Each structure stands twice: as structure tokens, then as C-alpha cells.
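Worksheet: the structure to be examined is printed underneath.
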Amino acid sequence: MTDVKMKDSVAYAENNPEDIHNKLSSEDDNELRHPPHRHSKTRHKVSMVRAINGTSTQIYMLSAAILGILCAVLMATIIGLCVSYKGLSEKHIFLSQNSSQENSNLKQLIGNYHQLTATLMKVQTNFQEAVGVKDSMQRERDRDRLEKEHLQRQKEALVNEEVKLQSRITVLEKNCERCPVGWELLHSCYFFSPTETGRKLSWHRSREECKKSGADLAVIDSQEKQEFISRILNGKRTSRESWFTAGYWIGLRDVETEGVWKWLNGTELTEGFWMEGEPNDQISKEDCAATFRKENPLMTWNDAPCDHTLKWICERKLQP
Ligand code: MAN
Ligand code: CA
């Protein structure tokens with residue numbers, strides 16, 4: 001082998017130690033088969049082979065070490081992954097358990113919510129019903145209150161009426177049988193000329209008729225008497241004649257002084273119960289007063305000519 005060849009072989013050996021080894025072995029075999037001519041050359045070759053062998057061993061050892069380290073790292077990684085997986089799996093189990101617990105809690109909460117909603121709706125319905133009942137009770141109460149007030153007023157009116165009737169009973173009891181038959185009693189006895197006969201007289205003739213019975217034409221000097229006489233007249237049957245011919249003479253005149261009305265007992269008129277527009281002393285000939293059947297019991301008087309013929313009302317004082 002030449003030097004150049006050697007150099008190439010060494011360079012090649014550094015890169016491909018096994019091939020070189022094989023090559024050298026084959027060369028050795030050749031040399032054994034064909035013994036070398038130079039002894040130093042052989043020694044040099046042996047030392048080179050040894051060097052190459054030492055480098056290969058180092059490379060193997062390094063590779064093995066690296067491989068070992070990689071294995072260790074791989075093992076550690078696997079162990080780490082296992083541990084991590086175990087932890088994650090426990091965590092997963094724990095979370096799944098928790099999640100199912102939470103789910104059941106959530107379901108229960110939803111159930112409770114639906115129940116509460118239904119209860120709330122029921123309560124609302126009940127509340128509305130209660131409001132309706134309350135309103136109707138309120139209306140009923142208002143009606144009852146109005147009815148009560150109405151009844152109260154009626155009761156008061158009846159009580160007043162009872163008081164009046166009671167006093168009338170007292171008077172009647174006191175004056176029982178003190179008036180002649182056909183006469184009406186109110187502090188005095190009153191006689192109304194009969195409608196049936198149709199008999200009518202002038203004011204003076206009427207007064208004479210009263211005197212025949214120990215009486216005189218009526219003096220109506222209070223509202224009580226006026227109402228009493230109006231009530232009796234309104235209780236009598238109506239006739240077809242015109243209103244101003246259906247009147248009753250009373251004991252009131254303004255003969256002395258026109259417009260100054262005096263009762264037969266000499267007292268001047270203070271409170272009159274004239275019709276609307278009366279007394280009007282028509283054609284200056286109306287000096288005698290008469291009472292008529294009218295709707296308003298406090299507006300029934302008219303002044304008429306004293307020779308006019310009308311019915312009459314007598315009044316007889318009670319004996320003390
Ligand atoms: C009418 C009215 C009365 C009057 C009478 C007389 O009714 O003018 O005032 O007294 O006539 O008949
Ligand atoms: Ca008149």
C-alpha cells in the first residue's frame with residue numbers, strides 16, 4: 001500500500017470504520033496468504049486498526065449512553081404522563097360526580113321553580129277572586145248603606161207621624177164626643193157644608209147658617225188649621241164645576257180697609273195661604289175670602305165678591 005493510499009484509507013476509516021476494518025482484514029488475509037516484504041508497514045497498519053477500533057467503541061458507548069438517557073427521559077415522561085393521567089382521571093371522575101350532583105340539584109331547582117310558579121299563579125288567581133269578592137261586597141255594603149239611610153229616613157218620618165197621630169189621639173180622647181155628628185175636631189169643631197145637596201150661599205148667608213148651629217165662619221189662623229182643612233177638602237169627591245165655584249167661605253174679609261184682611265174675631269191677618277196672584281180684588285169687588293181644593297195645601301185662598309155663592313165652613317168653639 002502506498003502513502004497516498006494510506007492517507008485515503010485513514011480518512012475513509014474515520015468515516016466508515018467497519019468497512020475499513022473489513023477491508024483491512026481482507027488485506028491482512030492477503031498478506032497472510034502472501035507474506036509482506038516489509039515488517040514496519042505491517043506494524044503501522046495494526047496500530048491504525050487499533051485506533052479505529054478504540055474510536056468505534058467510544059462512539060458505541062456514547063450512543064448507548066445517549067440511548068440510555070433517552071430511555072430514562074422516555075420512562076420519566078411515561079411515568080409522569082401516567083401520574084398526570086391518573087390525576088386527571090380522578091379529577092374527571094370527581095367532576096363527573098359533581099356534575100351529576102349539580103344536574104340533579106338543577107333539576108330539583110327547576111322542579112321547585114315550576115312548583116313555585118304554579119303556586120304563584122294559584123295565589124294570583126285567588127287574589128283576583130278575593131279582590132272581586134271584596135268589590136262585590138263593597139258594592140253590596142254601599143247598597144246596604146243607602147238602603148239603611150233610606151230606611152232611617154223612613155223610620156224618622158214614621159216616628160214623626162206617630163208623634164203627630166199620638167197627639168191627635170190624645171186630643172181626640174180628650175175631646176171625644178165633644179163635636180156634633182158630622183163635625184170635625186181640631187181644637188174646635190168644624191162643619192163643611194155638604195157637597196151632595198149642591199147648596200151654595202153668599203158670604204153673609206153662609207155666616208147666618210153657621211150661627212144657627214152656635215158657630216161662625218171658620219178662622220184659619222195657623223198652619224196646623226190650614227193643613228187640617230185642606231186635608232179634609234182634598235178627601236172630598238171632586239165635582240165637574242170650575243174651581244172658583246167650588247170654594248168654601250171662611251171668616252176673613254177686607255171690608256173696612258181695602259187690602260187689610262181681618263178675621264171675624266177682629267184679629268188682623270198675619271199669615272195668609274193665598275193662591276198665586278191672590279188676593280187681586282178683581283174689579284174692586286172682592287172683599288171676602290174663600291178656600292179651595294188645591295194640590296198645594298198651603299196655597300188655597302182667593303178673594304171673591306161677597307155676594308158670590310159658594311159652600312162654607314163653620315167653626316164652633318169647644319165648651320171649656
Ligand atoms: C178668577 C180670578 C180670581 C177671581 C175669580 C172671580 O178666577 O181672577 O182672582 O177671584 O176669577 O170669579
Ligand atoms: Ca180674587
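Since the structure is predicted, the reported quantities are computational estimates derived from the model, not experimental observations. One-based numbering, in listed order, for ligands and for the atoms of each.
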To check your reading of the model: name the closest protein heavy atom to atom 4 (C) of ligand 1, its residue, and the distance in Å. Glu286 OE2, 3.2 Å
State yes or no: are the ring centers of Tyr248 and Trp312 separated by less than 6.0 Å? no
Taking the cut-offs as 6.0 angstrom to the six-membered ring centre and 45 degrees off its axis, would you call Lys294 and Trp243 a cation-pi pair? yes
Top protein contact for atom 7 (O) of ligand 1, by heavy-atom distance: Trp243 CZ2, 3.3 Å
Under a 4.0 angstrom heavy-atom cut-off, which atoms of ligand 1 come close to Asn302? 3 (C), 4 (C), 9 (O), 10 (O)
Check this for me: Glu271, atom CD, are more than 12 non-hydrogen atoms of other residues, nucleotides or ligands nearer than 6.0 Å? yes
Counting only N and O atoms by type, is there a donor-acceptor contact under 3.5 Å from the side chain of Asp303 to the main-chain atoms of Pro279? no
The Ca ion (ligand 2) contact by Gln282, N, O or S atom under 3.0 Å: no
Does ligand 1 have an atom that lies less than 4.0 angstrom from a heavy atom of Thr245? no
Would you please indicate yes or no on a ring centroid separation below 6.0 angstrom for Trp301 and Trp261? no
Nearest-neighbour protein heavy atom for atom 12 (O) of ligand 1, which is reported as residue plus atom name and distance: Phe244 CD1, 3.8 Å
N, O or S atom within Glu286 nearest to the Ca ion (ligand 2), by name: OE1
Nearest-neighbour protein heavy atom for atom 8 (O) of ligand 1, which is reported as residue plus atom name and distance: Gln282 NE2, 2.9 Å
Thinking salt bridges, do Glu149 and Arg145 make one under a 4.0 Å N-O criterion? yes
Report yes if His308 has an N/O atom closer than 3.5 Å to an N/O atom of ligand 1; otherwise report no. no
Do other residues, nucleotides or ligands put more than 12 heavy atoms under 6.0 Å from Glu162 CD? no
Right, does atom 1 (C) of ligand 1 have protein non-hydrogen atoms nearer than 4.0 Å? no
I need the nearest protein heavy-atom contact for atom 9 (O) of ligand 1: residue, atom name and distance, please. Glu278 OE2, 2.6 Å
Within 45° cone of Trp183 ring axis and under 6.0 Å: Arg316 NZ or CZ: yes
With the Ca ion (ligand 2) at the center, what angle do OE1 from Glu278 and O from Asp303 span, rounded to 10 degrees? 130°
